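Contents: one structure, followed by commentary.
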Amino acid sequence: VAMVYTGYRRVYQDASLNADIVPDLQGHVLAELLCDNFIGPTSSVILRRCVFEEVGGFDVAYQASQDYDLYLRIARGYAIRGVSEVLTLSHRHGDGNIGSDTDAKLAAFYLLLERHADLFDAVPEARTGHIQRMATRLVHRGRGSDARRVLGKGLQARPFDLRLVALWGLSYWPRGIAQGIVALKA
């Protein structure tokens with residue numbers, strides 16, 4: 001086992017939003033990890049130093065999602081183990097987290113698709129899921145033209161995916177209306 005991760009609690013400024021994330025996947029989980037970063041923050045991870053060095057550590061080219069890229073590179077060749085217990089806290093401070101920087105997340109999104117293209121080609125539904133989540137984030141923030149650019153990548157491969165087509169349409173709506181509709185989905 002190259003890496004162990006634990007459950008964690010997302011702690012928001014508004015305590016009513018707190019959520020426990022408890023692992024249930026382990027072993028060779030590359031396909032599942034490609035669909036979604038279920039491992040979470042690096043504070044919930046312990047990994048072997050030799051593995052960290054072998055895969056090249058954190059890639060400084062990423063402005064965000066450095067942890068997710070690292071996890072994918074580790075999962076390409078190693079088993080991962082989960083501890084089904086909440087042992088860490090992950091504080092969310094609104095706009096203060098790296099993950100809340102939409103420009104950094106968008107740059108990381110494109111870099112992930114490029115650097116792990118072989119994996120996304122093998123699991124196209126994972127690519128579609130990432131495209132949908134990024135486009136939803138962009139629509140929610142009123143960045144329709146960026147959302148359409150992202151959705152273009154998905155619609156080229158899956159032109160009849162109704163989720164992507166619906167987001168394309170929402171990307172033209174005024175921000176407040178689009179936010180309300182996106183919030184209904186959750």
Side-chain angles (χ1 to χ4, degrees), residues 1-102 104-134 136-137 140 163 183 185-186:
V1 174
M3 183 170 83
V4 176
Y5 70 105
T6 71
Y8 64 97
R9 176 170 292 143
R10 285 186 180 150
V11 180
Y12 294 89
Q13 290 173 330
D14 175 0
S16 67
L17 298 174
N18 292 352
D20 288 351
I21 312 298
V22 180
D24 61 350
L25 294 172
Q26 52 190 336
H28 294 280
V29 295
L30 181 59
E32 294 88 348
L33 185 59
L34 188 63
C35 290
D36 189 34
N37 179 5
F38 57 83
I39 294 173
T42 54
S43 58
S44 68
V45 171
I46 298 172
L47 65 124
R48 295 182 185 276
R49 180 179 180 160
C50 62
V51 172
F52 181 77
E53 292 171 351
E54 181 183 321
V55 301
F58 289 108
D59 186 338
V60 297
Y62 285 88
Q63 298 174 33
S65 301
Q66 302 91 339
D67 54 351
Y68 185 47
D69 170 67
L70 176 68
Y71 303 157
L72 287 173
R73 287 184 282 124
I74 291 170
R76 281 178 181 262
Y78 295 97
I80 295 172
R81 179 133 176 114
V83 175
S84 298
E85 189 176 341
V86 173
L87 298 175
T88 58
L89 301 176
S90 175
H91 290 272
R92 305 297 172 124
H93 302 287
D95 291 339
N97 289 5
I98 292 172
S100 65
D101 182 338
T102 299
K105 289 296 272 187
L106 186 57
F109 163 81
Y110 285 122
L111 196 53
L112 276 166
L113 289 184
E114 176 188 321
R115 298 254 174 103
H116 299 285
D118 60 323
L119 297 175
F120 286 112
D121 288 345
V123 187
E125 60 272 13
R127 177 186 286 118
T128 302
H130 282 281
I131 288 169
Q132 181 182 353
R133 284 188 295 278
M134 179 53 68
T136 300
R137 176 187 190 111
H140 192 264
R163 296 167 303 169
K185 177 189 151 271

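The basis for the numbers below is simple: all heavy atoms, side chains too, and nothing from hydrogens, waters or symmetry mates. Computed from a predicted structure; not experimentally measured.
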Of all heavy-atom pairs between [X] and [Y], which one has the smallest distance, and what is that distance?
X      : Y      : result
Ser44  : Gly40  : OG-C, 4.4 Å
Ala79  : His28  : N-CE1, 3.6 Å
Ala61  : Arg115 : CB-NH2, 3.7 Å
Arg127 : Ala117 : NH2-O, 4.0 Å

I'd like to know if the side chain of [X] and the backbone of [Y] have a donor-acceptor N/O pair within less than 3.5 Å.
X      : Y      : value
Ser84  : Pro23  : yes
Thr128 : Pro124 : yes
His130 : Leu34  : yes
Asp36  : Phe38  : no

So, taking the atom named [atom1] in [X] and the one named [atom2] in [Y], what distance separates them when rounded to the nearest 0.5 Å?
X      : Y      : atom1 : atom2 : result
Asp67  : Tyr62  : CG    : OH    : 11.0 Å
Ile80  : Leu30  : CD1   : CG    : 8.0 Å
Ile74  : Leu47  : CD1   : CG    : 5.0 Å
Ile21  : Tyr8   : CD1   : OH    : 4.5 Å
Ser65  : Phe58  : OG    : CZ    : 12.0 Å
Leu106 : Asp101 : CG    : CG    : 10.0 Å

(request) State, without any angle test, whether Gln66 and Tyr71 hold a side-chain donor-acceptor pair at a distance under 3.5 Å. (result)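 No - no donor-acceptor pair under 3.5 Å links their side chains.
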(request) Scan side-chain atoms only and decide if Asn37 and Tyr68 contain a donor-acceptor pair under the 3.5 Å cut-off. (result)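 There is no such pair between these side chains.
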Side chains of [X] and [Y]: does their closest heavy-atom pair fall under 4.5 Å?
X      : Y      : result
Glu54  : Tyr78  : yes
Asn18  : Arg10  : no
Asp59  : Leu70  : no
Arg137 : Thr102 : yes

(message) Please determine whether the number of non-hydrogen atoms from other residues, nucleotides or ligands lying under 6.0 Å from atom CD1 of Ile46 exceeds 12.
(response)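 Counting neighbours around CD1 of Ile46, 12 or fewer heavy atoms of other residues, nucleotides or ligands fall under 6.0 Å, so no.
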(message) Can you confirm whether Arg133 is buried at CZ, in the sense that more than 12 heavy atoms of other residues, nucleotides or ligands lie under 6.0 Å from that atom?
(response)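 Yes, enclosed.
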(request) Check side chain to side chain donor-acceptor pair (under 3.5 Å) between Arg76 and all other residues, then give those that pass, not counting sequence neighbours. (result)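 Counting only residues at least two positions away or on another chain, Arg76 forms a side chain to side chain donor-acceptor pair (under 3.5 Å) with His116, Asp118.
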(message) Using side chain to side chain contact (heavy atoms under 4.5 Å, CB included), reason through Val51 and Arg49 one step at a time and then give a plain yes or no.
(response) CA-CA 5 Å; Val51 172; Arg49 180 179 180 160; over 6 Å; no
(message) With side chain to side chain contact (heavy atoms under 4.5 Å, CB included) as the criterion, how do Val22 and Val86 come out once you've worked through the C-alpha distance, each side chain's angles and the decisive distance to 0.1 Å?
(response) CA-CA 6 Å; Val22 180; Val86 173; 3.9 Å; yes
(request) Inspect the contact between Asp69 and Arg73 and indicate whether a charged nitrogen and a carboxylate oxygen are less than 4.0 angstrom apart. (result)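 Salt bridge: yes.
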(request) Any chance you could lay out the side chain to side chain contact (heavy atoms under 4.5 Å, CB included) test for Ile39 and Leu25, step after step, and finish with the verdict? (result) CA-CA 9 Å; Ile39 294 173; Leu25 294 172; over 6 Å; no
(request) Would you please test Arg81 and Met3 for side chain to side chain contact (heavy atoms under 4.5 Å, CB included) and show each step? (result) CA-CA 6 Å; Arg81 179 133 176 114; Met3 183 170 83; over 6 Å; no
